Amino acid sequence: MPDTPVLVDGGPLSLDEVAAVARRDATVALGEPARAAMAASRATVDLLAATTEPHYGISTGFGALAARSIEPDRRRTMQRRLIRSHAAGMGPPVEREVVRALMLLRLRTLATGRTGARVTVAEGLTGLLNAGITPVVPEHGSLGCSGDLAPLAHCALVLMGEGEVLDGDGGGPGRAGSGSDRGGRRPAAEALAAAGLAPLELAEKEGLALINGTDGMLGMLALACVDLAGLLRVADVGAAMSVEGILGTDRAFLPELLALRPHPGQAASADNMLRLLDGSDIVASHREDDPRVQDAYSLRCAPQVNGAARDTLAFARGVAERELAAAIDNPVVLSDGRVASNGNFHGAPLAFALDFLAIAAAEVGAIAERRTDRLLDVARSHGLPAFLADDPGVDSGLMLAHYTQAAMVAENRRLAAPASVDSLPTSAMQEDHVSMGWGAARKLRTVVDNLVCILAVELVAGARALDLRAPLRPAPATGGVRDALRAGDVGGPGPDRHLAPELAAAAALVRSGAITEAAEAHAGELA
């Protein structure tokens, strides 16, 4: 757990701060500017609540029921019932890190003072995060418009002392239901009491303030941006190892060629690959007198594909950073005292970015699979044994590792179909266009999980190819990655053995950052 709390003062949060709270259990602290801003906007809400004029979310119903004016003595009851009715999700619970991220981001919006919630509500969310209490949030329920209503309502329910929380270690990254609640569940009231936290009674406007945000979509986008920044470096490492192992050339990656098409991502990727291949005896061995004119696209165009994914990530990161500075609620309390309805809760900006990232990540995996297939094909691998097997025919080598990789590439292609074009109207046609951003985020998480494994298979194949090119020596950087794999329980060439544990070990090295660290020890920091 990081020692320094993440300060929530109403200003923007960084992607790294979101990851620290979501994944490393960093604590949070509510800043004094946030407390002052919340107190001021709450005073405005209290004044409006005392009038006879209807104000949405304060003295009226919600959504398609907004036309009904609610009597003063029933408004707090209305807030409680809003949360109970909207906590209507179904399916397996989402991952602990996703729930922590969305609670942090809802806290950040409250801290802007634009929601009209009391400071005690923000303190309640702070208490949950710092106590490690994680509400059970079912996977299905959000359409990504009016915010992530159902997921946030399940969190608000716990603030009220109702619902369920994860008991013990709630797990980390992974698909919903894959260990995300392996510690079991227990009643929220019991968990609050054990942590010394009191249930919260919601006042006017506070039910809406707790659920009308894009925080689930944004949390998953933020975490995906962090993950893909690392995975795109690994993709360049794997591509370099494949180029080297299959006797490809590094001349296509020269900066004067990349400058003719000035996309920043491909320039960064090509520079990575040049540095990764620098000093390779294998590459140097066929630089002269090689009858081949040019390499296949999966080798030669690796920087163009991985680089385009980098540029897509830069776009998505910009979207995430703007949203991390936003105040999302409806209605909002403006600095001049007006309480105004708006459409900022619509998740379209996030949904488009999430879908675009899924497309880019799917293609990074697709081109990696093509290189792996080439390494294993005796007709195209330029002297390597079929399937990199010890005794082809007796041994199958990495044949089935490629099958597994291809299956995940195929799944990612299906998941690359955009969710954001699939609006379904709800709430008696009041919410007649929705973003489906939550669904886009959920499928992106699966795409990213699959990409880890797809890249791991290429690394296993590439490392084995480098060994089989002995006595020629690989580049220091790619050789260092090969050595890290060997030290991490990923064996080299030899008779067939149980392969699944080695693939899992390679995937773990990708996730941990060990692959990138091994490469950077020789090539310098990768872009």
Side-chain angles (χ1 to χ4, degrees), residues 233-248 273 276-286 299 368-406 452-523:
R233 297 185 185 98
V234 175
D236 287 342
V237 172
M241 293 175 74
S242 291
V243 166
E244 194 174 22
I246 211 165
L247 302 183
M273 292 185 67
L276 289 163
L277 292 169
D278 186 43
S280 169
D281 289 348
I282 299 174
V283 171
S285 70
H286 58 91
L299 306 174
E369 181 274 330
R370 288 293 80 207
R371 290 189 295 266
T372 304
D373 176 66
R374 187 166 287 270
L375 284 168
L376 303 187
D377 185 352
V378 68
R380 295 179 290 146
S381 63
H382 304 289
L384 295 172
F387 303 104
L388 305 182
D390 187 60
D391 184 4
V394 174
D395 293 310
S396 297
L398 299 180
M399 180 192 295
L400 266 291
H402 176 235
Y403 282 30
T404 299
Q405 184 191 47
V452 169
C453 298
I454 291 164
L455 296 178
V457 173
E458 183 182 18
L459 290 168
V460 170
R464 188 176 289 200
L466 297 185
D467 282 336
L468 291 169
R469 294 298 183 188
L472 294 174
R473 292 179 302 174
T478 55
V481 172
R482 186 265 322 268
D483 294 343
L485 288 164
R486 300 291 173 260
D489 297 322
V490 181
D496 282 352
R497 54 192 179 266
H498 185 195
L499 199 52
E502 295 188 21
L503 298 178
L509 291 170
V510 171
R511 286 192 183 95
S512 71
I515 295 297
T516 302
E517 290 174 10
E520 290 181 335
H522 302 278

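Just so it is clear, the model here is predicted, and its values are computed rather than measured.
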Inter-residue atom distance [X].[atom1] - [Y].[atom2], 0.5 Å rounding:
X      : Y      : atom1 : atom2 : value
Ser396 : Asp390 : OG    : CG    : 12.0 Å
Glu369 : Thr372 : CD    : OG1   : 6.5 Å
Asp395 : Leu388 : CG    : CG    : 12.0 Å
Leu376 : Gln405 : CG    : CD    : 8.5 Å
Leu472 : Asp281 : CG    : CG    : 6.5 Å

Side-chain donor/acceptor of [X] to backbone N/O of [Y], under 3.5 Å:
X      : Y      : answer
Asp496 : Gly397 : yes
His286 : Gly248 : yes
Ser280 : Leu277 : no
Arg482 : Leu466 : no

Atom of [X], atom of [Y] and distance for their closest heavy-atom approach:
X      : Y      : value
Leu459 : Leu485 : O-CD1, 3.7 Å
Gly479 : Pro474 : CA-CG, 3.8 Å
Ala505 : Val490 : CB-CG2, 4.0 Å
Val452 : Ala507 : CG1-O, 3.7 Å
Ile282 : Ser285 : O-OG, 2.6 Å
Gly245 : Leu384 : O-CD1, 3.6 Å

- [ ] Go through the steps to decide whether Arg469 and His382 satisfy the test side-chain contact (heavy atoms from CB on, under 4.5 Å), and finish with yes or no.
- [x] CA-CA 11 Å; Arg469 294 298 183 188; His382 304 289; 4.2 Å; yes
Task: Cationic N near anionic O, under 4.0 Å, Asp373 to Arg380 - done: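 Salt bridge: yes.
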Do the side chains of [Y] and [X] get nearer than 4.5 Å, heavy atoms only?
X      : Y      : answer
Glu244 : Met273 : no
Cys453 : Thr404 : no
Val237 : Leu276 : yes
Leu299 : Arg371 : yes
Met241 : Glu458 : no
Asp489 : Pro501 : no
Leu499 : Leu398 : yes

TODO: Might you confirm whether atom CZ of Arg473 has over 12 heavy atoms from other residues, nucleotides or ligands at distances under 6.0 Å?
DONE: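 Result for CZ/Arg473: open.
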